[in-house]
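We use all heavy atoms of the structure for the numbers below, so side chains are in, but hydrogens, waters and symmetry mates are not.
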Amino acid sequence: MADELVHYEVAAGTATITLDSPHNRNALSAQLRRELSTALANARDDEAVRVIVLTHTGPVFCAGMDLKEARGAGAANQGVNEFPQILEQLWTSPKPVVARLAGPARAGGIGMVAATDIAVAVREATFAFTEVRIGVVPAVISLTVLPRLSSRAAHELFLTGETFDAERAAAIGLINSAVDADGLDAEVDRYVKALSLGGPKALAATKQLLSSPRPATPSDGFAAMNELSAGFFASEEGQEGILAFAQKRKPSWVPQD
C-alpha cells in the first residue's frame, strides 16, 4: 500500500490537514486528491472540529496538478472530478478554513489557497499562475481565485504567468498576511483562536452570507437579512452567546485548551 500523502489530526477543536508529498512538491496527484477530499469531509462531519488548518510538509505548499500524471491519453480527465470537489469543499465548508503556507504555491495550489477563508504565508513564499506557459488555461481555479483578486491584478498575473511574492499576494487580496518565518505559527494560531470564539452555526451562516449574491440595493435585502438576524438572536446558540456575555464567561462552544 502506498504511504499516506495527507495526514489528519484533531486537537482542541482544530482539524489540521497536512499535505505530505514533498518528493513532488505536494503536487495534486490522484492519491493526494482522494485523501485530501476525504480529510475535508471528515473535518466537516466531525462535531468536535471548529476550525480547519490546511498546511504542508517540505519547502513547497503545493505545486499544482501532478504534470507527470497529466501526460498521455488520460490527460483530459486530469483532476476532472476530485479537484473541483476539493475547491468546493474548501469554499463551502461550514467551518472556517485557514491556509498555512511555509513555502510557494503554484496553479492549482493557489486555487486551494483562494478557496480558504484565511491564508497566511511566509514572506519568502512565491506564487504564479503558470498555466498559460505550458499551454493550458487556469479555468477551474478561476472560480475561487477571481473573487479574491482585483481585476487588473488578475489580468496581469493570469496572462503573464509571472512570479509574485507574498507581499504582493497580500496586497491584491490572495492572502491575508505575509509574515516572517518564525512568526508563521503564531499568526495562524491567532486566527484559529479568533475563529474558535464564533458560534458554529453563526459562522456557517456568515460564510454563506459572504458568498451570496448582493441585492441590487440595500432596500432589496433588508427583509431577508432582518429575518436571518432575528432568527439567530432567538436561537439556542444566540441566547447562549448573549447569556455568556452577560455572565462574563466564554460561550459553551469555545473549545477547551
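- Remark: side-chain polar atoms of Asp165 are not paired, donor with acceptor, to backbone N or O of Thr126 under 3.5 angstrom.
- Side-chain contact between Leu143 and Trp91 is absent, with no heavy atoms from C-beta onward closer than 4.5 Å.
- Separation of atoms OG (Ser196) and NZ (Lys250) is listed at 9.5 Å; rounding is to 0.5 Å.
- Atom CD of Gln247 has more than 12 heavy atoms from other residues, nucleotides or ligands within 6.0 Å.
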Can Leu101 and Phe127 be said to form a side-chain contact (heavy atoms from CB on, under 4.5 Å), step by step?
-> CA-CA 11 Å; Leu101 285 77; Phe127 304 82; 3.7 Å; yes

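- Here the CG-CD distance, from Leu19 to Glu35, works out to 10.0 Å after rounding to the nearest 0.5 Å.
- In this structure, Arg214 contributes its side chain and Ser212 its backbone to a donor-acceptor pair below 3.5 Å.
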Starting from the C-alpha separation in whole Å, work towards a yes-or-no answer on side-chain contact (heavy atoms from CB on, under 4.5 Å) for Ser177 and Glu187.
-> CA-CA 9 Å; Ser177 58; Glu187 182 75 343; 3.0 Å; yes

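- A distance-only check finds no donor-acceptor pair linking the side chain of Ser37 to the backbone of Arg34 [under 3.5 Å].
- No more than 12 heavy atoms of other residues, nucleotides or ligands lie within 6.0 Å of CZ in Arg152, so this atom counts as exposed by the packing criterion.
- Interatomic distance, CG of Leu210 versus CG of Asp117, reported as 8.0 Å (0.5 Å rounding).
- Taking all atoms of both residues into account, the shortest heavy-atom contact from Phe232 to Glu237 is CE2-OE2, 4.5 Å.
- Going from atom OG1 of Thr92 over to atom NZ of Lys207 covers 7.0 Å, rounded to the nearest 0.5 Å.
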Side chain to side chain donor-acceptor pair (under 3.5 Å) between Thr160 and Arg133, intermediate numbers included | CA-CA 8 Å; Thr160 66; Arg133 295 195 175 190; 5.3 Å; no

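- Remark: side-chain polar atoms of Asp180 are not paired, donor with acceptor, to backbone N or O of Asp182 under 3.5 angstrom.
- Distance check, rounded to the nearest 0.5 Å: OG1 of Thr16 to CZ of Arg100 gives 9.5 Å.
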CA sep, side-chain torsions, deciding dist, call: Thr38, Tyr8, side-chain contact (heavy atoms from CB on, under 4.5 Å) | CA-CA 10 Å; Thr38 297; Tyr8 179 79; over 6 Å; no

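- Open room surrounds NZ on Lys193; 12 or fewer heavy atoms of other groups in view lie less than 6.0 Å from it.
- Under the 4.0 Å criterion applied to side-chain N and carboxylate O atoms, Glu156 and Arg168 are assigned as salt-bridge partners.
- When side chains are defined from C-beta on, Ile172 counts as touching Leu157, because their heavy atoms get closer than 4.5 Å.
- Of the possible donor and acceptor atoms, none in the side chain of Ser93 sits under 3.5 Å from a partner among the backbone N and O of Leu90.
- Heavy atoms of other residues, nucleotides or ligands lying less than 6.0 angstrom from NE2 of His155 number 12 at most.
- Residues Glu69 and Ser29 are in side-chain contact: their nearest non-hydrogen atoms beyond the backbone lie under 4.5 Å apart.
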Decide side chain to side chain donor-acceptor pair (under 3.5 Å) for Ser229 and Asn226; before the verdict, give the C-alpha distance in whole Å, the side-chain angles of both, and the deciding distance to 0.1 Å.
-> CA-CA 5 Å; Ser229 179; Asn226 188 61; 5.7 Å; no

For side-chain contact (heavy atoms from CB on, under 4.5 Å), just list the numbers for Lys95 and Val51, CA-CA rounded to whole Å, side-chain angles, deciding distance to a tenth of an Å, and then say yes or no.
-> CA-CA 6 Å; Lys95 299 164 184 183; Val51 180; over 6 Å; no

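- Counting all heavy atoms, side chain and backbone alike, Leu184 lies closest to Val179 at CA-CG2, 3.7 Å.
- Judged by distance alone, with hydrogens and angles left aside, the side-chain atoms of His56 form a donor-acceptor pair with the main-chain N or O of Gly58 at under 3.5 Å.
- Phe129 and Phe158 have tilted rings, their planes meeting at an angle from 30° to 60° on a 0 to 90° scale.
- Nearest heavy atom pair, residue Ile141 against residue Gly108, reads CG2-CA, 3.8 Å.
- For the atom pair CD1 of Ile52 and CD1 of Ile17, the computed distance is 5.5 Å after rounding to the nearest 0.5 Å.
- Arg106 has its side chain within reach of Thr163: a pair of non-hydrogen atoms, C-beta onward, lies under 4.5 Å apart.
- Asn26 places a side-chain N or O within 3.5 Å of a backbone atom of Thr57 that can act as its donor or acceptor partner.
- Judged by distance alone, the side chain of Arg148 and the main-chain N or O of Ala114 form a donor-acceptor pair under 3.5 Å.
- The two atoms that bring Ala99 and Thr116 nearest to each other are CB-OG1, 3.7 Å, heavy atoms only.
- Shown here for Ala166 and Ile175, the closest heavy-atom pair between the two residues is O-CD1, 3.5 Å.
- Shortest non-hydrogen contact noted between Arg123 and Ala178 is NH1-O, 3.1 Å.
- Side chain of Glu9 to backbone of Ala15: no donor-acceptor contact under 3.5 angstrom is found.
- Proximity of Leu28 to Met112: side-chain heavy atoms (C-beta onward) are separated by under 4.5 Å at one or more points.
- Between the side chain of Ser235 and the backbone N or O of Gly238 there is at least one donor-acceptor pair closer than 3.5 Å.
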